[in-house]
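Below, each value reflects all heavy atoms present in this structure, side chains not excepted, and no hydrogens, waters or symmetry copies.
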Amino acid sequence: MYLTQQLHRRARVSPAEPFTIYQGHVTTNAEMEERAARIAGGLRSLGVRHDDRVALIDVNTDLFFHAAAGVAWADGIIVPVNYRWSIKEMAFSLIEAGVETVIVGDLFLDLIEPLRAAAPGLRHVVHMGDLPTPDGMVPLSQLLAAEPAPDAERGGASLLGLFYTGGTTGEPRGVMLSHDGIMLNSIAAASVGHYPVRGAQLLAAPAFHLAGFGAWIAAMLQDQASVALSEFTPANVLRAINDDKITMVLLVPTMIQMLADHPDLTQYDRSSLELILYGASPISEAVLARARKAFPSARFVQAYGQTELSPSVTILRDADHDHPVHRRSGGRPISYAEVKIVDGEDHELPRGEVGEIVARGDLVMLGYWNKPEETAYALRNGWMHTGDGGYMDEDGYVYIVDRIKDMIITGGENVYSIEVENAIARHPAVMQCVVVGRPDETWGERVHAVVELAPGATLTLEELREFTKQEIAGYKCPRSLELVNAWPMSAAGKILKREIRAQHI
């Protein structure tokens, strides 16, 4: 299987049907095949060769997805960059991945000079968008004017992309995902979740996340038009559902709640919507009830997984939401995936006993880029160790009872506390700190900093946020601050983070 195979298939079967829609501009399947070939030809003229990593920095636009297809066509590896990261974080991923070519959209042109200074290995910057192309960059139009390149037909076990996630060590990790893994995952999830065929999928989740990128893959496979949404707001989503007759959308529960509670909800036609896929965290019964009332024609399907699993490993079907017990689960394993619950020695546990959720199959990552030890640890004994605690019932439903202990999910974004702690610790007023998640009505969880100050020092939340924004992305910065003079300690003299966490549940 290979990504660009879908371009050929759709161009032959339905050449005039829309491939992407963005702000009213439609690119047909036939046009998309031609564009990908020309973008690939242009990339080849810049020196992109087999296995070269090409980074993409942009919000969800049609050009982002066109460029991604062109990279695969040119035999390259796609590296979506989290534009919410700091320059320091972005540069780390570009340097580690050995990226020499970056394709950047209008909104992020100002990042290029500081990125070039921080990542001197960058050789070529391609600008895609409507603004004038700055000096020293190559306009996308130049690539589109190139001779079409033959499709490299890159696929199978070859890398489709490097998807960077937060790391438990405090450094981002590049998750290596294959064409087979991502394509099989979408096929399996679509089969269990009964994704609509044809129609239009709204790409509202940012595509630098695998969930958002995977939604595009699913849209291709299901012959859906991909409607790119550059910024999530409830009004933007409702307007797109109304105007583009959206049949499917991927959201996180926080977004669903915002839509269901929007004061102008009834002004928009929502009758086209057949499926709302959600993930990142469970949905409360109250929010689900309001959402079903707000979108009466839509089925609700939950996906559980992580980037390392391409990304889904279980699906909770719409009908499961009506079961008094099963609706609390993450669903049952999808095709092509084996899931079990193990103890600390990797022995499978009886049904109902809590342990670590592990999975194996072609959808599992190939490993972490340039991190053999972390790869070996995560994939020990041939199973991907998710770090999530849970159990499986007699019906095969998987229940998540605890997440990776040091991870916070805020507004659908994964935040590893060690990353935030490392940034806070650099502040001269800070002597010790611990970061935990606190429940938040809007974001699910918020990043909460517990800090002991150096003698005589003072610190406000605003000062701390401003400082940490220089080191890490804004969504990772603390939203609340607690100052303490003493810590719960273990017999070995270590701060008992679990006790601090328990105080804020």
Side-chain angles (χ1 to χ4, degrees), residues 2-4 7 32 35-83 85 89-109 111-112 115-116 118-129 133 136-155 158-164 172 174-179 182 206-210 212-213 216-217 366 369-370:
Y2 57 101
L3 184 152
T4 53
L7 308 189
M32 184 62 234
R35 287 176 73 84
R38 290 188 178 276
I39 290 171
L43 290 172
R44 301 289 287 180
S45 71
L46 294 179
V48 173
R49 296 294 181 264
H50 172 70
D51 275 356
D52 282 355
R53 279 75 65 198
V54 179
L56 304 179
I57 309 176
D58 202 4
V59 293
N60 289 4
T61 66
D62 53 352
L63 297 181
F64 178 97
F65 299 106
H66 298 176
V71 172
W73 192 295
D75 207 10
I77 298 169
I78 303 163
V79 185
V81 175
N82 186 337
Y83 53 75
W85 277 355
E89 290 169 309
M90 291 184 190
F92 175 89
S93 66
L94 297 179
I95 292 169
E96 191 196 52
V99 170
E100 295 185 353
T101 302
V102 171
I103 306 176
V104 63
D106 282 343
L107 294 177
F108 305 102
L109 291 174
L111 298 179
I112 295 304
L115 273 179
R116 276 178 160 156
L122 293 184
R123 295 177 55 227
H124 303 291
V125 178
V126 177
H127 164 230
M128 55 182 179
T133 298
M137 299 186 195
V138 177
L140 183 66
S141 60
Q142 180 175 317
L143 272 59
L144 290 169
E147 284 296 312
D151 188 354
E153 298 182 0
R154 182 184 184 86
S158 298
L159 279 184
L160 186 156
L162 285 180
F163 294 84
Y164 274 85
V175 179
M176 300 188 291
L177 298 179
S178 69
H179 285 253
I182 291 181
F208 62 73
H209 278 319
L210 184 58
F213 193 92
W216 174 54
I217 300 292
L366 301 179
W369 183 262
N370 286 343

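Taking all atoms of both residues into account, the shortest heavy-atom contact from Thr133 to Pro139 is OG1-CB, 3.4 Å. Minimum interatomic distance between Arg44 and Ala74 (heavy atoms only, all atoms of both residues): NH1-O, 3.2 Å. Shown here for Leu7 and Ala36, the closest heavy-atom pair between the two residues is CD1-CB, 3.7 Å. Residues Asn60 and Ala207 share a closest heavy-atom pair of OD1-N, 2.9 Å. Here the closest non-hydrogen pair linking Val99 and Leu122 is O-CD2, 3.5 Å. Of all heavy-atom pairs between Leu143 and Ile39, the closest is CD2-O, 3.9 Å.
Checked against ring pair (Phe, Tyr, Trp, His ring centres under 6.0 Å), Phe92 has no partners two or more places apart in sequence or in another chain. Every residue meeting the salt bridge (Lys or Arg N to Asp or Glu O under 4.0 Å) condition with Arg154, not counting sequence neighbours, appears here in chain and number order: Asp51, Asp75.
Side-chain contact check for Ile103 versus Leu63: every heavy-atom pair is 4.5 Å or farther apart. Within the 4.5 Å cutoff, the side chain of Leu43 has no heavy atoms near those of the Asp52 side chain. Within the 4.5 Å cutoff, the side chain of His124 has no heavy atoms near those of the Val102 side chain. In this structure the side chain of Val71 never reaches within 4.5 angstrom of the side chain of Val48, judged on heavy atoms. The shortest distance between side-chain heavy atoms of Phe108 and Asp58 falls below 4.5 Å. Using a 4.5 Å heavy-atom cutoff, the side chains of Asp151 and Tyr2 are in contact. Residues Val125 and Arg116 form a side-chain contact, since some pair of their non-hydrogen atoms from C-beta on lies under 4.5 Å apart. Residues Glu89 and Asn82 have side chains not in contact (no heavy-atom distance under 4.5 Å, counting atoms from C-beta outward).
To the nearest 0.5 angstrom, Glu100 atom CD is 11.5 Å from Leu46 atom CG. The distance from the CE atom of Met128 to the CG atom of Leu144 is 11.5 Å, given to the nearest 0.5 Å. Atoms CD1 and CG, on Ile57 and Leu94 in that order, are 6.0 Å from each other to the nearest 0.5 Å. Taken to the nearest 0.5 Å, the CZ atom of Phe213 stands 5.5 Å off from the CG atom of Leu160. Distance check: Met90 CE to Leu115 CG gives 6.5 Å after rounding to the nearest 0.5 Å. With values rounded to the nearest 0.5 angstrom, Ser158 atom OG is found 6.5 Å from His50 atom NE2.
In this pair, Trp216 and Phe65 present their aromatic rings tilted. The plane angle is within the 30 to 60° band.
The backbone N or O of Leu3 sits less than 3.5 Å from a side-chain atom of His179, completing a donor-acceptor pair. With hydrogens and angles ignored, the 3.5 Å screen pairs a side-chain donor or acceptor of Arg38 with a backbone N or O of Ala146. Of the possible donor and acceptor atoms, one in the side chain of Trp369 sits under 3.5 Å from a partner among the backbone N and O of Glu96. A distance-only check finds a donor-acceptor pair linking the side chain of Trp73 to the backbone of Ala149 [under 3.5 Å].
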Worksheet item: Going through the distances and angles, do Leu111 and Val104 end up as a side chain to side chain contact (heavy atoms under 4.5 Å, CB included)?
Response: CA-CA 9 Å; Leu111 298 179; Val104 63; over 6 Å; no
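For the residue pair His127/Asp106, the side-chain donor-acceptor check at 3.5 Å is satisfied.
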